Amino acid sequence: MEALLKETFFHALRATDPYRLTLKALPSFRPDLILAVGKAAAPMLRAALERYGEVPYHLTLPQGQEALGLKAVFARHPVPDEGSVRAAEEVLHLLASLSPKARVLALLSGGGSALWCAPLGIGLREKQALTQALLQSGAGIREINAVRKHLSRIKGGRALLATKARVHALLLSDVPGDDPSVIASGPFHPDPSTYPEALGVLDRYGLAFPEARAVLEAGAKGKLPETLKPQDPALRRLTWKLVGANLHLLRAAQGFLRRQGHRAVVLSDRFGGEARALARFHAELAETIRTHGVPFRRPIFLLSGGEAQVRVRGRGKGGRNLEFLLALYAHLPRPLYALAADSDGLDGNSGVAGALHTPAVWDRGLDPRPFLEENDSLGFFQEVGTLLVTGPTGTNLNDFRLLLVD
């Protein structure tokens, strides 16, 4: 059964390969410039170059990822660095140099928020510290990106405002709901959030950051221009298409399991909230199925996606998928088979994609509480020996959770 869980995950990744998804969605026109950013940027760009031939391009990738023989700027993720600033400045310069007749193909995937960093009113160090604090606060991706966009000269549609060219964007979504304004912080898309809302995020999670607050307060008072809004005439120059999303990943897994003769259902592609609360929901659902046979009769495979959050209080290592599995273990009195992983191959700061549950995990009898107190889900799964190690997968379609209730 452990082998089937892994095989299902890897099949879903192959079925949603960014190269194939992009190749099917490329526009008929030949672009004058291609901009590619994010964890899936290299295969997306490779597909475009094979279609159009020699076209000027700019590629930004996370450090350590394979560029597939292409020239790239490498930057840190999820906290930006000097490479992120260099990439963003180069992109803004390229966009500003284009004529109104030029056509840009923008290939955007998850991770772009950190990889393109053009701080507005604050320095890189303040932006780094604030990003880290937001990631550890338990804030949702929409909240985090509302702050990022209002402290940036490239996010929140400001990349579109930086050019007179026409832009066609192909998006690979790593966010629940697949909102284009949230994917890579929407560099070419209108932003519904505001400066006051960004300030509210800092207040909600008790984040001081006086330099950032000063910028957001100035914007809230109308002293700084807002991000791109839905009524802006610049949007007449933008067209876009979603080429891949978390639901595609889950449906590929569901189809694979059904072809193997198993029953499988997709619960949702947009589960969020605290990873521990999400684990409790899954545990209670599993026990209800086992006890009463509702809402599904067993055996049944449960698939879910989305993006959970972890409020970091301890000093351990892990990620939202490892935290989910650790909390699932804490809530379940009886063992089951499960796999949870980040589709990009890196779950938080763990260095691994995720992990598996098997009955052998329960046989070890480890107390989950010390690991939960320290947010040390990596330590727990190192101890039980069920880590899932893939390395960077070259895609990013959010989280993948698979449970067998039998």
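Count residues from 1 along the sequence. Keep in mind the model is a prediction, meaning the values are calculated, not measured. Hydrogens, waters and symmetry mates are skipped; everything else that's a heavy atom, side chains included, is used.
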Is the closest basic N to carboxylate O distance between D32 and R103 below 4.0 Å?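 Answer for the salt bridge query: no.
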
Under 4.0 Å between a Lys/Arg side-chain N and an Asp/Glu carboxylate O for E323 and R320?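 The answer is no: the pair does not qualify as a salt bridge.
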
[atom1] of [X] to [atom2] of [Y]: how many Å apart, nearest 0.5 Å?
{"X": "H77", "Y": "T60", "atom1": "NE2", "atom2": "OG1", "result": "13.0 Å"}
{"X": "L328", "Y": "F324", "atom1": "CG", "atom2": "CZ", "result": "5.0 Å"}
{"X": "L285", "Y": "E287", "atom1": "CG", "atom2": "CD", "result": "10.0 Å"}
{"X": "L404", "Y": "L4", "atom1": "CG", "atom2": "CG", "result": "8.5 Å"}

Can you find a side-chain donor-acceptor pair between [X] and [Y] that sits under 3.5 Å?
{"X": "N246", "Y": "E307", "value": "no"}
{"X": "S304", "Y": "R401", "value": "yes"}
{"X": "N145", "Y": "R142", "value": "no"}
{"X": "S350", "Y": "D347", "value": "no"}
{"X": "E90", "Y": "H58", "value": "yes"}
{"X": "N321", "Y": "D342", "value": "no"}
{"X": "K229", "Y": "T227", "value": "yes"}

Aromatic ring pairing F381/H357, orientation class (parallel under 30°, perpendicular over 60°, tilted between):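 Judged by the thresholds at 30° and 60°, the geometry between F381 and H357 is tilted.
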
Parallel, tilted or perpendicular: which describes the rings of H262 and F301, with under 30° parallel and over 60° perpendicular?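 Judged by the thresholds at 30° and 60°, the geometry between H262 and F301 is perpendicular.
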
On the six-membered ring of Y52, is R30 placed so that its NZ or CZ lies under 6.0 angstrom from the centre and within 45° of the ring axis?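 Not flagged: R30 not positioned over aromatic ring of Y52.
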
For the backbone of G318 and the side chain of N349, can you confirm whether one donor and one acceptor N or O come within less than 3.5 Å of each other?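 Confirmed, N349 side chain pairs with G318 backbone.
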
Quick one: does any side-chain atom of R148 pair with a main-chain N or O of K155 as donor and acceptor, under 3.5 Å?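 Not a single qualifying donor-acceptor pair exists.
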
Side-chain donor/acceptor pairs under 3.5 Å, residues 35-47, sequence neighbours excluded:
unit_1 : atom_1 : unit_2 : atom_2 : d
K39    : NZ     : D344   : OD2    : 2.2
R46    : NH2    : L68    : O      : 2.7

With ring pair (Phe, Tyr, Trp, His ring centres under 6.0 Å) as the rule and sequence neighbours excluded, what pairs involving residues 167-196 come up?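 Listed once each, the pairs are H150-Y195, H189-W240.
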
Exceeds 12 heavy-atom contacts within 6.0 angstrom, atom CZ of R251: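 Counting other residues, nucleotides and ligands, CZ of R251 stays at 12 neighbours or fewer.
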
Contacts under 3.5 angstrom, residues 119-128 side chains, donor-acceptor by atom type, not counting sequence neighbours:
unit_1 : atom_1 : unit_2 : atom_2 : d
E126   : OE2    : A212   : N      : 3.3
K127   : NZ     : L151   : O      : 3.2
Q128   : NE2    : P80    : O      : 2.8

